[in-house]
Amino acid sequence: MNESYDLFVIGGGINGCGIARDAAGRGLSVFLAEKTDFASATSSASTKLIHGGLRYLEYYEFRLVREALKEREVLLNMAPHIIWPMRFILPHHKGLRPAWLLRLGLFMYDHLGGRKLLPATKMVALDRAPYNDGLKSLFTRGFEYSDCWVDDARLVVLTARDAAARGATIRRNTEVIRATRSNGGWEIEVRDSESGQTELVHAKVLVNAAGPWVSHVLQCALGLNSRAHVRLVKGSHIIVPKMFAHDRSFIFQNGDGRIVFAIPYEHDFTLIGTTDVDYQGEPADVSCSDNEIAYLCNAVSEYFSKEVTPDMVVRTYSGVRPLYDDGASEARAATRDYVLELDEGEGKAPLLSVFGGKITTYRRLAEHALEKLEGDLPQAARKHAWTKHSILPGGDFEPGDFNAKVSALKSAYRFLEHDHATRLVRSYGSEAVKILGTAQTADDLGTHIGGDLYSCEVDWLIEQEWAITAEDILWRRSKLGLHLPAEAIGVLERYLSGYFEGNRMAC
């Protein structure tokens, strides 16, 4: 193979997929290479929030906060199935930030980003239902404000799907082992991690969106040194049984100046996070330490009426944030803003490297990346930015119509339980009917894997969303790993083995 593309993107996280989608929608030929699975690192290890970043106001990150606040409703309209509004309770802690400062910060938060769909901030009495559920009685007042929740890994894979639908070549298990400038462009050698086969791809422009590996790619695959530096910061989360019954989330202040979220998660759990710890190791080996578990348990136990202890933790996950190193002395103070470094010159093929960024601003980051590369793109492909009013697969309905979509799915498939229908719409939106097809009963959904997972959904994830392993399906394409019994994992693994073996035999 010796194909040539306008743009080659390294990295299948949210930024890489976002750039590939935007470029493909402008008529560019695009190749994206992800060395493992999409969203297999940082992009599936977030706090699952589309938010402005309230605490960033203390670091005067006004541009970043304003951009992120404006993006909340843009993304909510793009993908109302996997993104939805959420209210956050911020208790006033008498020993920490004064109430007037919280009120001022939330006033700015309400007005910086042109909020239209989301309700405004209000003061709440925390000694009354439902706000007092789970809290210690000493917290009597606080504030309630708006942000959004997102299924982060599904946002990545839907972005990749839309890029592919617009003509981009999207590859997982494809590692870039060498990239060199040649004849005014780039010659990129990639290797399939399963077969070991290599191939050469040519491109006019190379985008390094490798996340925590951005510097590694520059030094090892490209043999270059960057003027910019990446600061690797580990963020860890813990999942515990449900700590409160209402649907609000909590944002808790800590004595060290940090904040910790406690968020309703997958119906039966509470998600708690995150930490900020400088990280020096291999990003693929990141894990939550005992100290981080203790830190998060202690932080929320100061607020919850029931103590959270390490033995309650049912699962942890960690990710490495590739922050731009602005020289901040503490990890928590390092900027979350992104930096796009363009390496080009007379007769020199362009290289764009992405440092930093957050999931909320991925769409704007992609726009800025294409703007920065505009002079290096074919004239015919220099179209105006287009993604602001676009939708992702399955998201072709209004944000307020989610419950109506669930009711419509239950009417069309009367055998579906309410929770099953809700999960399908939350994951696939209007595309849920494509998965269920002509089914009249649960038996028509194919092999029963466990819980409400059937082989028709597994087939969809394999054929439409690049899923290969049980981990892909249970922890990234869904979070069913939290719910299914252990024997279901064996059923799924056997089904996948038979599926891929059958396909090999057919070939």
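Sequential numbering from 1 along the given sequence is applied to the chain's residues. From a predicted model like this one, the values you see are computed outputs, not experimental measurements.
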State, to 0.1 Å, how close [X] and [Y] come at their nearest heavy-atom pair, and which atoms those are.
X: Ala68; Y: Gly52; value: CB-CA, 3.7 Å
X: Val150; Y: Ile83; value: CG2-CG1, 3.5 Å
X: Trp213; Y: Pro283; value: CZ2-CB, 3.4 Å
X: Thr360; Y: Glu71; value: O-CB, 3.5 Å
X: Lys242; Y: Phe244; value: CG-O, 3.0 Å
X: Gly356; Y: Asn15; value: O-ND2, 3.7 Å

Heavy atoms from other residues, nucleotides or ligands near [atom1] of [X] exceed 12 (cutoff 6.0 Å):
X: Lys70; atom1: NZ; value: no
X: Arg66; atom1: CZ; value: no
X: His267; atom1: NE2; value: no

Legend entry - Cation-aromatic face contact Arg63/Tyr338, 6.0 Å, 45 degrees: yes

Looking at [Y] and [X], is any side-chain nitrogen of the basic one under 4.0 Å from a carboxylate oxygen of the acidic one?
X: Lys35; Y: Glu175; value: no
X: Glu34; Y: Arg172; value: no
X: Asp152; Y: Arg476; value: no
X: Arg154; Y: Glu465; value: yes

Inset, instruction - Pick out which of Arg87, His51, Arg115 makes a side-chain hydrogen bond (donor to acceptor under 3.5 Å, both in side chains) with Ser146. - result: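 Answer to the side-chain hydrogen bond (donor to acceptor under 3.5 Å, both in side chains) test with Ser146 among Arg87, His51, Arg115: Arg87.
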
Inset, instruction - Start with the C-alpha distance between His93 and Glu302, add both sets of side-chain angles, then the distance that settles side-chain hydrogen bond (donor to acceptor under 3.5 Å, both in side chains), and finish with yes or no. - result: CA-CA 10 Å; His93 190 303; Glu302 186 171 349; 2.7 Å; yes

Does the separation of the ring centres of [X] and [Y] fall below 6.0 angstrom?
X: Phe8; Y: Trp186; value: no
X: Tyr109; Y: Tyr145; value: yes
X: Tyr303; Y: Phe139; value: yes

Inset, instruction - Before giving the answer on salt bridge (charged side-chain N to carboxylate O under 4.0 Å, His left out), spell out for Glu367 and Lys372 the whole-Å C-alpha distance, their side-chain angles and the decisive distance to 0.1 Å. - result: CA-CA 9 Å; Glu367 281 188 344; Lys372 205 169 184 72; over 6 Å; no

Decide yes or no for [X] and [Y]: does some side-chain heavy atom of the first lie under 4.5 Å from some side-chain heavy atom of the second?
X: Ile259; Y: Phe252; result: no
X: Leu492; Y: Val458; result: yes
X: Leu352; Y: Leu206; result: no

Go through the side-chain N and O atoms of [X] and [Y] and say whether any donor and acceptor fall under 3.5 Å apart.
X: Arg97; Y: Gln253; result: yes
X: Asp110; Y: Thr121; result: yes
X: Asp311; Y: Thr309; result: yes
X: Thr47; Y: His237; result: yes

Legend entry - Rounded distance (nearest 0.5 Å) linking atom NE2 of His111 with atom CG of Leu69: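 Those atoms lie 11.5 Å apart.
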
